[in-house]
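Notes follow once the structure below has been shown.
Throughout, a chain's letter reflects where its sequence line sits, starting with A, and its residues are numbered from 1.
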Amino acid sequence: MNRIKRRLATKEWQLHLMIAPGVVFLILFSYLPLYGILIAFKEFLPSKGIWASPWVGLKYFDFMMKLPDVWRVTNNTIYIAGLKILLGFPVPIGIALMLNEVRRSFFKKGVQTIIYLPHFLSWVILAGLILDVFSLTGIVNSFLGWFGIEPFYYLGDNRSFPWIIIATDIWKNFGWGTVIYLAALTGIDPALYESSVIDGANRWKQTLHITIPGIVPIIILTAILSLGNVLNAGFEQIFNLYNPLVMDRGDILDTYVYRVAFQETNWSLSTMVGLIKSVVNSVLIIAGYWLAYRITKYRVF
Amino acid sequence: MSKLHDTWGTRLFGVINYLLLAGAAFLCILPLINVLAVSLSSSHAANANLVGLWPVDFTIQSYKVILSRPEVLKAFWISTERTLLGVLLNNVLTILMAYPLAKSAKQFTGRHVYMWGMIFVMLFNGGLVPTYIIVHDLGLLNSMWALVLPGAVPIFSVILMMNFLKQLPSEIEEAAFMDGASYFTSLSRIIVPLSMPVIATVTLFHFVGHWNDWFSGLLYMTDISKYPLQTMLQSVVKGNDIMTLDAAKLYADVSDRTLKGAQVFVTALPILVLYPFLQKYFTKGIVLGSVKG
Amino acid sequence: MKKKALRFTLFGCMALSLALTAACGSSNGNNTGETANKTNDAAAGSQAPAENATAEKPEEKPAEEINPYKFKEPVDVVFAKNVFDIKVYPEGEDPGNNAVYKMIEQTTNIRPTNKFAVPYENYRERIKLGIASNDLPDIFFAEQADVDQLIKNDMLEDLKPIYDNYATDKTKQISGYKDGLLFTGAQRGGKYYGMPNVSDALNGSPVVYIRKDWMDKLGAQMPKTFEELIALAKRFAKEDPDGNGKPDTYGLSMNNQLDLKFTALMNAYGAYPKVYVKDADGKLNYGSLNPNMKQGLTMLADLYKEGVIDKEFVTKDMPKSMELVSQGKVGILIGEFFSPLWPLQDVPKNVKGADFVSMPMPGLGGAEYQPNVPINVSGYFVVRKGFAHPEALMLLLNNLAETSYSNLDNEWAKAWSELNKNPKYANASINNWLPVFNDRPDANTNRYNLFTEALKSGTDQNMPADQRVTFQNVLKGKEGDAANWAWYKTFLEGVPNASSYKTIVYNGWFGSATETGKLKGASLLDLENQTFIKIIVGKSPVESFDDFAKRYNDLGGKQILDEMNAQLANQK
């Protein structure tokens, strides 16, 4: 073993060489543009450029905090995005596990292909369909009508609107989400199943003791990264579906800032909003990383 | 996996499983059928929202509008070229970055610096304008490189692949190292063949990312004749507000809805073709089965 | 509420372009054009070195030497080109290299190139990006918001002196329409930071379209007053005019953007929501707070309750709300003069026998109806600060004005006419190829006059060739050709109705948001939209309007108004 280690130590430069091209690209296209963050603290005058524009300190942070509805929309954002993550996260895992149990390859591939299709429909197109499906005379109300339930204006009601947003988002993306887990499932050693069969484990037990633990690292990874979406409740989706009756619960940070920016194009404000979101995301992701490490002793980064 | 152990309960579970999956697939395909039907309907029927799952007054006018233009074919070619180049670059960089990062800090000094340096720019970015200025200053505007270089490192893919690589038992490389193999040899001869499922996954992500991206075309191409397909189609499909005579006239000719529907199918087709091809890599046990076998 | 209004006027009038197909071309004309182009290329090449030396000259020249149509020496100008439709360029030509650009060079000595040539949606992005990276074309079109940004950053040339020196009377007739009203958005003190991109003055003027076949079925008369119009809407909703035995018809079309379909109704009550109206003292007031709004809202709430407007209009933006109209389920549409082209021409296709009659909005109790119409500017042509030849813009506008008023003595107008006769370009909507385009504010009213004249005299030989194809469409429509029904309705009914109003109320504020407006404008607008919608759907009583008006002012509305009035007072 030590011989290998020593031999490898002399080859370590190879690893640095491998990573170098990527690092160059990151420096060029990710690190260099970072100076743009300064715009958040400056009165950006394009004719002077970013460097020479005058500093205004936290003016745009104050501006944002003073916006009349900023807390209401932040609340809504966290509520909708939080539930999207919480409820949407397990679905692709469940579907992947279910697909894993299917033996007919034709059926399996067919289902896989079909469920990832909605991911490719834009919210502009889907919004029109969702309005129809949930309209007073739409499929949902007609269906519930068979059970004597009165038609309900789901998209014009503050209580139901966020749930429609959450449900349709999960529906649109769960199929696409399964791709990662299906790949993860391929990494499980088949020998484990074989030996468990000899031990008399049924398929439920196999799933519980072999399959799930086998994909746990990937689950942790996606869970941690999804924490970074707590302030992204889905601009495109809500922008195309919301209306004055559901502003109390359906209006989110991004749509609100869009309307504020509508009064005037404001690079400083949008950069500030982006920066705040980045900070919050970082805190959550790092907390998630740390927590996952404490519990599972597994480092995803 | 032997059938001997299939109990009554297992079989019931199997049936329910099939039913649930079929139901999910059903829910996912209905809207798509509707969009397809709309794209093949007359504009007045589509404008009136009279189309369900079957076209009304069947016509392929929208597809003609989209496909009859030589510049659309050119854009299709630009997109193809960009996607192939972009996926190749993304994949190579993903593999080259994920492999060293999957090593421990003992084996790879500075691993944590690289890793967190990458995470940092995943979380923070300088925004549109500085990136644009850099691409502009590098003289990349209007070139294929503007479409592939700024996003050359797909950070998420690197992290994903790194996590996959970490799962591989370290023994599989040891024999090679004993024989004096370099990291490069080990990566190309052992690791890459074992990582086909994850490579297939990130390939899919990269392919879809490049093929569907219309924004960087808008940002970095100042000439419509250099647009990739998605950016081009974005411009064929018109805006929503009918404010003037000219706009009303345009809207009357071809419905925005049928065009949008047609656009979905024209652009999604390559992705639909690609997916089943990649699916063969998602076969259970391929990774370790092949090592031990 | 949702999407920023897209204005397509900038790059040409479709009807006009189509009309150009009429111009018959001859191979002779074609040859002349090519020869001319070649000559011109050679000339441009030889004169290029002289350009720098003369760069500063035109401005210094005394007024009597000014040629408002042509530079003496070639001048390079970088434009931004909105590509309306790339497929119309023939083989070998593109947005940066085509017959129109050659013609411009030939007739004005302006050598046009494009900084970028992209479709309009992308054009807007590029302008914003250009502002942010301080990398702008010499002459370009900018929307109001971008104009504000550009002025704030001191990135534009003042065009007032050039306008005074160079603008011809015809240009002043177009750009100076309504005593310089159109300049307002780009005016700061005495300075003009842009030339208005003038659109048809009839855009946004309300026209009422009523289902003729339904009226006949119910034996109803054309309404003479606003009250009768509303009563007719109720009958359409309740008396099953489509005869299918189901209560599935609606009186009026409405949507959640609270656009013309809403404001035109409120205007009948003397309330002007969404705009700032000047009172007797010349002070601005916000129209949405006018107490008369209550009458309008009460009326709409009643219509909603009775099912005269769609119960689900709150979730529908304008295009979505048009579905019901296209289905032929709506009896009355408050639209614009071009509404027959979209969406109304779908109706006869979907419902056999459907037909529409149109009329101007009637007044309350038969009184005069005074609509609010947005001023006919879709944005401004601006010149980058530091560009040596800002007068190039005036030269182009002067020449365009000659074309608009069909003066064939002008070199440009003549060349333009020739180009239109060339079969290679006759069908190509070459208006859209121009880097800068303006038409008369009365372009469609003018068409209406020409058409009625021709109908009376029985010949279209007196009208300019470029109008004839439109006229032929109108004529066919008049004679009952279903395919041209919409042309006939648009030009012979829509246009005269839209232009029939004697008094028009204009928005008194054109500038960008004030300091308080930037901070609170979005929330105030939300409050306003929510209040109106909630009253209409019966979630709030109409009395809540008073509370809204008070809250609106308390939350910053009053302050915004004060800031605007102060700013206006300063400008005087």
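Interface residue A:F63: backbone and side-chain heavy atoms are both found under 4.5 Å from chain C. When heavy atoms are compared at a cutoff of 4.5 Å, C:K518 approaches chain A by way of both its backbone and its side chain. Proximity to chain A is limited to the side chain of C:Q149, based on heavy atoms less than 4.5 angstrom apart. Contact annotation for C:K385: neither backbone nor side-chain heavy atoms come within less than 4.5 Å of a heavy atom of chain A. Of the two parts of A:D251, only the side chain, counted from C-beta on, holds a non-hydrogen atom closer than 4.5 Å to a non-hydrogen atom of chain C. Heavy atoms closer than 4.5 Å to chain A are found nowhere in C:K316, neither backbone nor side chain.
For the set C:E312, C:K311, C:Q530, the entry with the most heavy-atom pairs within less than 4.5 Å of chain A is C:E312. Here C:V314 is the residue among C:D135, C:V314, C:I533 with the most heavy-atom pairs under 4.5 Å with chain A. Of the listed residues (A:I50, A:T137, A:L155, A:L245), the one with the most heavy-atom contacts under 4.5 Å to chain C is A:L245.
No hydrogens or angles considered: nothing links the side chains of C:T315 and A:Y242 as a donor-acceptor pair under 3.5 Å. Judged purely by distance below 3.5 Å, without hydrogens or angles, the side chains of A:S47 and C:N153 never pair a donor atom with an acceptor atom.
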- [ ] With side-chain contact (heavy atoms from CB on, under 4.5 Å) as the test, would you mind laying out the steps for A:L131 and C:K320 before giving the verdict?
- [x] CA-CA 9 Å; A:L131 283 173; C:K320 181 87 186 159; 3.9 Å; yes

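Side-chain atoms of C:F532 and A:P244, non-hydrogen and from C-beta on, never get closer than 4.5 Å to each other.
Separating the CG atom in C:L527 from the CE atom in A:M247 is a distance of 11.0 Å, to the nearest 0.5 Å. In this structure, the separation between CG on C:D526 and CG on A:D248 is 10.0 Å, given to the nearest 0.5 Å. The distance from the CG atom of A:N243 to the CG atom of C:N255 is 12.0 Å, given to the nearest 0.5 Å.
Contact detail for A:Y256 and C:S523: the closest heavy-atom pair is OH-OG, 2.8 Å.
Salt-bridge check for C:D154 with A:K48: failed, with every basic side-chain N at 4.0 Å or more from each acidic carboxylate O.
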